[in-house]
Amino acid sequence: MTGVPAGLSTAADRQVRWGVPLAVLVAGMFMSILDVTIVNVAIPTIQNDFGTTVEDVQWIANAYTLALGVVVPLSGWLGDRFGYTRVYVMSVLGFAFGSALCGLAWDLTSLVVFRIVQAIPGGIIPVITLAMVYRIVPKEKIGTAMGMYGLGVVFAPAVGPTLGGYLVEYVDWRLIFFINVPIGVLGAIAAVLALPAFAPGRAGRFDTLGFVAVASGLFALLLALSEGESWGWTSYRVVILLLYGALSLALFVVIELAVAEPLLDVRIFRHWQFTNSLVLIGLMSVALFSGLFYVSLLLQQVQGLGAFEAGLVMLPQALATAVVMPISGRLYDRLGARWPAVVGLFLVALAAYQLSGIVVDTPRQHITWLLVLQGAGMGLAMMPIMTGGLAAVPPHLVSRAGAFNNVVQRTASALGVAVLTAMLTSHQAQTMAGRAALLTDAAAVPDAGPPGVSPLLGLYAWYQRVDLQVYVVALQDVFLVTASISVLAMFGALLLRSTVRAAGGARQEPPAEPVPEVSIPSPRPAPDADIPEGSRGTVAGADAGRR
């Protein structure tokens, strides 16, 4: 049948056969996103092995993030130009190859270079995966499918600290890279066997000016956010980078509105539901990654746990997310995006607010239950928000919308952690200075040491306890800000669409948005009748009118 990829000949076939291809796609994306947090756990060990400084070793994470900012906007065009299945397979193999190089790195410089090599396919995989999900899965099942897709978006970062902590403490940090090699090879073989063969579409002429503008702008912005703490937020380098990033992104918008074949069609933001979902995804990314980052700091730096022990405390959060995520997809199919998102964000806000009451000796079981609550809320809210936003976008623009989603997730998480860390450091210094001011020359220094121990050692022990208490007070404020961000997102989720069902169980879509739709220069041909609407005009060259 014309316009249907191999292996998906009829609508009935699609109903039966999309499960295995979806599992293959989710596994590949899970591998690429897991690598972000699993590497963070290994950074202190890598620093000791290579004998480098804290500032230098952070480039292992920063280089990966910067490369993602450059390659993600390119992903949709690559899928249209060379075919989504081919790009996906090559990206999975490229990620495995880059991971092998990282495991073989002999010094910090080589590891940073190989991380950039790894990030190029690693940034393409999630965007291509999302576009293929919308081409493979029938529209009426997209909520359930996105619930599975969300395992990579939310579950992978949450399980990373546990797996990474175990490998670092009990095996070797190099294994966090080598483990991707067999998974990537098997994933590529499974993709060749299970995924439909999407033929290349009309990608159009490559938008060189737009790519240079968005890539350099995102690079400058992410570099400023990554180095702002060490360089100083008011330093010339950071200020210049921020200004350049803002101007480049503004120029990118102007270019995309002017060219006939834009790299990323910014007119997509005319769809209010999609724009609102992007804002909510950004806020949730801040809450998710800052929660993972600061709870790990609390467990390791305040309560003295090792990386693996801290990961075990945080593991139930990932399991809660994994359990709730498929349920949220089914709820989206029945209720729409609004109420699952509102309830989920309420749970996230409640958990963050409860975390703002932690103290130095808060029981780990209490922290674990709060993380479970937060994980359940993330699992309930993330995919309905993302799916509801993409539902407002024409099917042939899903790959471009997916690129925007990934850019927002990466940028928002980096921005959130950078700003909250600056706030944490500043508040910690102010609180410590305030408590030091209470000590006068006449004040008696507490004798905190055991009998027979030098008073200086006792004074040092007393200082350490005060420093920990001050650090925890600063962490309390960070969690309170995270709770406020989640409440703000909850009110934004009230503006999402709510889908109802007509009599007889048929889906009844809400009325069309009053906002004008994006005008496409060339009309698309009428799709085959038995291809679900969410996949029409997008496979095997049927999308002849793409942009």
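Note that these values count all heavy atoms, side chains included, but never hydrogens, waters or copies made by symmetry.
Ring-centre distance between W106 and F114: below the 6.0 Å cut-off. Ring-centre distance between F50 and W173: below the 6.0 Å cut-off.
Taking 4.5 Å as the limit, some side-chain heavy atom of L264 sits within range of a side-chain heavy atom of F252. Looking at heavy atoms from C-beta onward, L108 lies in side-chain contact with I60 at the 4.5 angstrom threshold. Annotation: side chain of L305 is not in contact with side chain of L312 (no heavy-atom distance under 4.5 Å). Taking 4.5 Å as the limit, every side-chain heavy atom of V26 sits out of range of all side-chain heavy atoms of T129. Using a 4.5 Å heavy-atom threshold, the side chains of L221 and L241 count as separate. In this structure, V181 and F95 have side chains that are not in contact, with every pair of non-hydrogen atoms separated by 4.5 Å or more. Using a 4.5 Å heavy-atom cutoff, the side chains of L371 and Q374 are in contact. Here the side chains of L297 and Y471 are in contact, with some heavy-atom distance below 4.5 Å.
Although no hydrogens or angles enter the test, the distance criterion places no donor-acceptor pair under 3.5 Å between the side chain of R364 and the main chain of A310. In this structure, D172 contributes its side chain and L175 its backbone to no donor-acceptor pair below 3.5 Å. Of the possible donor and acceptor atoms, none in the side chain of S91 sits under 3.5 Å from a partner among the backbone N and O of I124. Within the 3.5 Å criterion, the main-chain N or O of P326 finds no donor-acceptor partner in the side chain of R330. For Q47 (side chain) and V57 (main-chain N/O), no donor-acceptor pair under 3.5 Å exists by modelled atom type. Put simply, the side chain of S486 gets close to the backbone of T482: a donor and an acceptor are under 3.5 Å apart. S296 places no side-chain N or O within 3.5 Å of a backbone atom of F293 that could act as its donor or acceptor partner.
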> Passes side chain to side chain contact (heavy atoms under 4.5 Å, CB included), V159 versus F30? Steps please.
Replying inline: CA-CA 10 Å; V159 78; F30 185 92; 3.8 Å; yes

>> What verdict does the side chain to side chain contact (heavy atoms under 4.5 Å, CB included) test give for L101 and V113, after you've listed the backbone C-alpha separation in whole Å, the side-chain angles of each residue and the deciding distance to 0.1 Å?
In response: CA-CA 9 Å; L101 292 179; V113 172; over 6 Å; no

> Can you check side-chain hydrogen bond (donor to acceptor under 3.5 Å, both in side chains) on D107 and S110, steps first, answer last?
Replying inline: CA-CA 6 Å; D107 58 16; S110 62; 2.9 Å; yes

> After noting the C-alpha distance and the side-chain angles of F177 and Q118, does the key distance pass the side chain to side chain contact (heavy atoms under 4.5 Å, CB included) rule?
Replying inline: CA-CA 10 Å; F177 298 112; Q118 185 192 37; 4.0 Å; yes

> Would L25 and I128 count as a side chain to side chain contact (heavy atoms under 4.5 Å, CB included) if you check the C-alpha gap in whole Å, the side-chain angles of each, and the deciding distance to 0.1 Å?
Replying inline: CA-CA 9 Å; L25 291 173; I128 295 296; over 6 Å; no

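Atom CH2 of W231 has more than 12 neighbouring heavy atoms from other residues, nucleotides or ligands inside a 6.0 Å radius.
Between I268 and F404, the shortest heavy-atom distance links the atoms CG2-CE1, 3.9 Å. Smallest separation of non-hydrogen atoms from V117 and G98: CG1-CA, 4.3 Å. The two atoms that bring M146 and Y134 nearest to each other are SD-CE1, 3.9 Å, heavy atoms only. Residues V89 and A191 approach most closely at CG2-CB, 3.8 Å, considering heavy atoms. The two atoms that bring G379 and V324 nearest to each other are C-CG1, 3.8 Å, heavy atoms only. For V127 against G76, the heavy-atom pair with the smallest separation is CG1-N, 4.3 Å.
Between atom CD1 of residue I120 and atom CZ of residue F97 there is a gap of 11.5 Å, rounded to the nearest 0.5 Å. Atom-to-atom distance recorded for T368:OG1 and L299:CG is 7.5 Å, nearest 0.5 angstrom. Separation of atoms CG (L298) and CE (M314) is listed at 10.0 Å; rounding is to 0.5 Å. With rounding to the nearest 0.5 Å, the separation of CG in L263 from OG in S75 is 9.5 Å. Between the OH atom of Y64 and the SG atom of C102 there is a distance of 9.0 Å, given to the nearest 0.5 Å. Residue L380 holds its CG atom at 9.5 Å from CD1 of I385, rounded to the nearest 0.5 Å.
Looking at S216 and Y244, their side chains do bring a donor and an acceptor atom within 3.5 Å of each other. Donor-acceptor pairing under 3.5 Å is lacking for the side chains of T321 and Q317. A donor-acceptor pair shorter than 3.5 Å cannot be found between the side chains of Q409 and S285. Side chain to side chain, T65 and N62 fail the donor-acceptor criterion of an N or O pair below 3.5 Å.
Between F206 and F211, the two ring planes are tilted [angle within 30° to 60°]. A tilted orientation is assigned to the rings of Y170 and Y166, their planes being inclined by 30° to 60°.
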